[in-house]
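Remarks on the structure that follows.
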There are 4 protein chains.
Amino acid sequence: MAIIQERSRTRRQRLLDSALEVFTRYGYNDAAIDEIARASETSKGGLYFHFPSKQALFLALLDDASEALLRRVESAMASEADPLERGDAALREVLHAFGSHRLLARLLLVEALGAGKEFTTKLNDLHAAFAALIADCLDDAVVAGQIPPLDARLAAHAWYGAVNQVVLRWLMTGEPQQLEETYPALRSLLLFGVTGAGDEQRR
Amino acid sequence: MAIIQERSRTRRQRLLDSALEVFTRYGYNDAAIDEIARASETSKGGLYFHFPSKQALFLALLDDASEALLRRVESAMASEADPLERGDAALREVLHAFGSHRLLARLLLVEALGAGKEFTTKLNDLHAAFAALIADCLDDAVVAGQIPPLDARLAAHAWYGAVNQVVLRWLMTGEPQQLEETYPALRSLLLFGVTGAGDEQRR
Amino acid sequence: MAIIQERSRTRRQRLLDSALEVFTRYGYNDAAIDEIARASETSKGGLYFHFPSKQALFLALLDDASEALLRRVESAMASEADPLERGDAALREVLHAFGSHRLLARLLLVEALGAGKEFTTKLNDLHAAFAALIADCLDDAVVAGQIPPLDARLAAHAWYGAVNQVVLRWLMTGEPQQLEETYPALRSLLLFGVTGAGDEQRR
Amino acid sequence: MAIIQERSRTRRQRLLDSALEVFTRYGYNDAAIDEIARASETSKGGLYFHFPSKQALFLALLDDASEALLRRVESAMASEADPLERGDAALREVLHAFGSHRLLARLLLVEALGAGKEFTTKLNDLHAAFAALIADCLDDAVVAGQIPPLDARLAAHAWYGAVNQVVLRWLMTGEPQQLEETYPALRSLLLFGVTGAGDEQRR
DNA sequence: AATGAATGAGCGTTCATTCAT
DNA sequence: TATGAATGAACGCTCATTCAT
């Protein structure tokens with residue numbers, strides 16, 4: 001029983017792995033179910049035994065990836081008490097996660113957007129979850145008097161977008177070689193903007 | 001002859017208009033050539049007379065939109081001498097342009113990403129052009145001593161991403177009602193970060 | 001224009017002809033769209049240009065066949081004044097029509113039944129139309145005093161079923177060689193039953 | 001051993017029952033093996049242990065139903081000495097059997113026809129067996145001088161078809177509520193036709 | 001005997017593209 | 001230039017059947 005479950009989980013996982021690879025290589029629409037089945041050394045029917053449709057497979061991928069990323073970031077934030085340090089930790093974790101999982105980055109930042117209307121909701125949820133995480137940080141920092149009052153939601157989305165675009169550049173042009181190299185500069189930008197006012201390290 | 005050319009241009013433009021609408025409504029892959037032809041009150045054959053393929057049509061749309069946006073931003077920047085003011089003008093113009101052309105925003109920020117590998121290059125070019133515009137500003141500002149030295153390319157992409165995400169939120173959730181309302185907060189974030197250090201207005 | 005319409009009608013008709021042949025040879029479910037396209041020397045896409053689905057194609061066939069049969073029978077009945085003669089004419093015409101269009105008989109009596117729930121309504125309509133035709137005859141004959149009062153609807157269905165079964169036997173076993181040979185015996189049965197009471201010819 | 005056989009028979013019977021229900025609800029082609037297995041609270045593998053194929057399962061159903069019906073009719077006929085009374089008994093029994101086993105009626109009169117070429121033979125056999133039963137009656141009645149000579153085979157098929165169609169109407173339109181109500185009228189029609197000549201009761 | 005995960009051939013349908021008119 | 005009927009490769013999905021356990 002346990003063995004069967006394990007094998008089943010294995011098969012399912014193999015399918016998800018292959019799906020991630022094929023979806024990110026060809027894009028949602030150009031990814032053929034046949035190709036995913038072949039890549040996972042399964043049959044088409046086997047795939048459809050585990051996932052009811054192509055859409056559901058992609059959604060499962062999206063869910064897994066979103067959840068994993070969120071969990072990692074949340075856990076990284078949990079180990080910091082200071083609000084701004086928590087934001088810092090989030091940034092580091094995101095860069096680390098994407099930097100070490102190129103496919104996951106591609107999935108969430110590129111393919112999910114163009115996969116069709118059906119996935120918009122999911123993506124919005126992810127954006128909202130991330131933005132909420134950051135917005136909470138910022139609100140706490142405001143309460144703690146670390147930063148002046150501001151539109152935390154907007155700032156959170158702006159942060160998120162700034163990071164995303166840097167990841168996107170890395171994905172598409174390969175610059176810089178190590179995504180995590182961007183951490184210091186990004187941190188400074190998010191905290192102090194381009195003027196760098198108050199950034200003691202940069203002075 | 002001139003009349004024919006003009007009529008041709010009209011037809012071509014009608015096709016582009018309809019294509020923009022259909023592509024942004026359904027997404028690149030789910031947009032049917034039939035639908036575009038119908039929407040432009042032409043025939044499929046007529047469409048193929050003006051554009052050799054679906055891909056070319058989308059590319060033309062992307063080109064036109066990118067160029068128009070870039071021209072507008074460049075022209076807005078040209079009328080400002082001060083480097084940081086130029087950046088400011090660019091931000092205002094981008095928010096204004098996207099805010100008043102929802103479809104254009106959707107096309108460039110959403111559909112282009114998911115349309116397939118063939119369009120990645122085009123999108124990279126657009127990103128690069130925008131980033132270059134902003135990076136030049138920042139470099140000038142550094143030279144002028146307005147801001148401390150920094151990785152201008154990275155900062156440019158971060159800026160660009162921050163703005164994009166705010167636009168994206170507006171596209172997908174409708175917040176805020178008027179995109180341009182975000183200008184003051186965004187300006188402050190880009191210049192001074194969340195700490196707002198040096199932001200005399202916010203103090 | 002007229003030529004195009006004609007060619008179009010030709011193509012459509014060719015499709016219907018091939019569809020009739022393939023559907024009656026393999027049955028609705030085992031008939032492949034590919035096969036129909038091949039048989040009509042068209043492409044699958046061409047078929048789908050004229051008919052939106054396999055179901056619609058079968059339905060069109062059913063409609064055409066029903067209508068043609070009903071029209072023929074109605075016209076045969078129209079030329080007779082006497083109620084019972086009208087019934088006689090209907091019987092002759094049905095036997096003649098089915099006898100000379102084996103495929104049509106197969107379509108209406110065999111394939112339509114097993115094609116699926118979607119066609120039941122259509123088939124019921126046909127049965128109802130036929131039964132109504134005959135029931136009217138019988139009602140008129142009652143009014144004219146030619147036959148005693150009876151449940152005309154039930155009798156109509158029984159007649160219809162009797163004829164159908166004879167056609168079915170012919171379809172499936174090939175007996176008798178000429179379907180129309182069955183006319184005199186069928187006529188006598190329908191009018192006088194097995195007792196033949198009142199059948200002056202049989203006495 | 002006996003227990004196992006009994007359990008096996010039980011399982012087999014449960015499968016047949018569920019199969020009858022599923023086949024008549026969805027039609028042969030649209031009935032899924034999965035559905036039958038689920039309905040009988042067995043597994044797909046279990047089903048395939050008892051029946052080698054979907055076709056064989058349907059055939060078994062057809063066989064059982066045909067045999068049961070024939071046995072009932074034969075037994076009903078056996079208790080009558082007079083040829084025409086025997087026919088009468090057959091008619092009563094058929095109406096009673098179908099009237100109280102709607103699914104059986106559907107199976108034999110509707111689904112079997114459209115299930116595909118493979119079942120034609122079986123169906124022909126059933127038709128032939130029934131026709132033979134009735135034809136024998138009629139032949140005997142001729143010999144006994146009760147009715148004039150006639151093509152007994154043809155008459156038998158006509159009878160059979162007349163009854164079938166009345167059953168079919170009941171199945172598909174629900175008229176009349178009780179199938180057995182049709183007995184007197186049908187009896188009269190089969191014996192005396194629409195003229196009712198010789199029908200003392202109708203006079 | 002029984003289970004249900006796995007197989008894979010086959011099918012209906014779509015749609016970008018072509019081309020005779 | 002423009003039309004729209006025609007093409008055909010490709011795809012998502014189904015489901016009867018198999019087989020390791």
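Not measured: the values here are computed from a predicted model. Letters go in sequence order (proteins before strands), and every chain restarts at 1. Hydrogens, waters and symmetry mates are skipped; everything else that's a heavy atom, side chains included, is used.
At E:dG4, none of the side-chain N or O atoms of A:R11 fall inside 4.0 Å of OP1 or OP2 (strictly under the cut-off). At F:dT3, none of the side-chain N or O atoms of B:R38 fall inside 4.0 Å of OP1 or OP2 (strictly under the cut-off). Here B:H50 does not reach the OP1 or OP2 of F:dT1: none of its side-chain N or O atoms lies under 4.0 Å away. Between A:R12 and E:dA6, a side-chain N or O to OP1/OP2 separation shorter than 4.0 Å is absent. Between F:dG12 and A:K54, a contact under 4.0 Å exists linking OP1 or OP2 to a side-chain N or O.
Using a 4.0 Å heavy-atom cutoff across all strands shown, D:A31 reaches sugar-phosphate atoms only and no base atom.
A donor-acceptor pair is defined here as one N or O able to donate and one able to accept, closer than 3.5 Å; no such pair exists between the side chain of C:S18 and the backbone of C:L15. Formation of a donor-acceptor pair under 3.5 Å by the A:T42 side chain with backbone atoms of A:S40 is found in this model.
Between C:L126 and C:K122 the shortest side-chain heavy-atom distance does not fall below 4.5 Å. Between B:F58 and B:E118, the closest side-chain pair of non-hydrogen atoms is not below 4.5 Å. In this structure, the side chains of D:F23 and D:R106 stay at 4.5 Å or more apart for every pair of heavy atoms.
Each of A:S53 and C:E41 was assigned the nucleotide of DNA chain F with the nearest heavy atom; the assignment lying further toward the 5' end belongs to C:E41. Both B:Q55 and A:G46 lie close to DNA chain E; mapped to their nearest nucleotides by heavy-atom distance, the more 5′-ward contact belongs to A:G46. Residues A:G45 and B:Y28 each lie close to DNA chain E; by heavy-atom proximity, the contact nearer the 5' end of the strand is made by A:G45.
We find that C:E41 and C:R14 are not joined by a salt bridge, their nearest charged nitrogen and carboxylate oxygen being 4.0 Å or further apart.
Between the CD1 atom of C:I33 and the C1' atom of E:dC11 there is a distance of 9 Å, given to the nearest Å. Counting to the nearest Å, the P atom of F:dT17 and the CG atom of D:L57 are 10 Å from each other. Whole-Å rounding puts the D:F51 CZ to F:dT18 C1' distance at 18 Å. Rounded to an integer number of Å, the gap from B:Y48 OH to E:dT21 C1' is 20 Å. Distance, B:R14 CZ to F:dA2 C1': 12 Å, rounded to whole Å. For the pair B:D34 CG and F:dA6 P, the interatomic distance rounds to 15 Å; values are reported in whole Å. F:dC15 atom P lies 13 Å from atom CZ of D:F23, rounded to whole Å. With rounding to whole Å, C:D30 atom CG is found 14 Å from F:dC15 atom C1'.
Judged by atom type and distance alone, B:K44 does not reach the base of F:dT3 through any side-chain donor-acceptor pair under 3.5 Å.
Pairs of residues two or more places apart, or lying in two chains, never qualify as salt bridge (Lys or Arg N to Asp or Glu O under 4.0 Å) while including a residue from residues 46-55 of chain A. For residues 22-33 of chain A, the set of pairs meeting the side-chain hydrogen bond (donor to acceptor under 3.5 Å, both in side chains) definition, not counting sequence neighbours, comprises A:E21-A:R25.
Base-pairing analysis of DNA chain F finds the following stems of at least three consecutive Watson-Crick or G-U pairs, with both pairing distances under 3.5 Å: E:2-21 with F:2-21.
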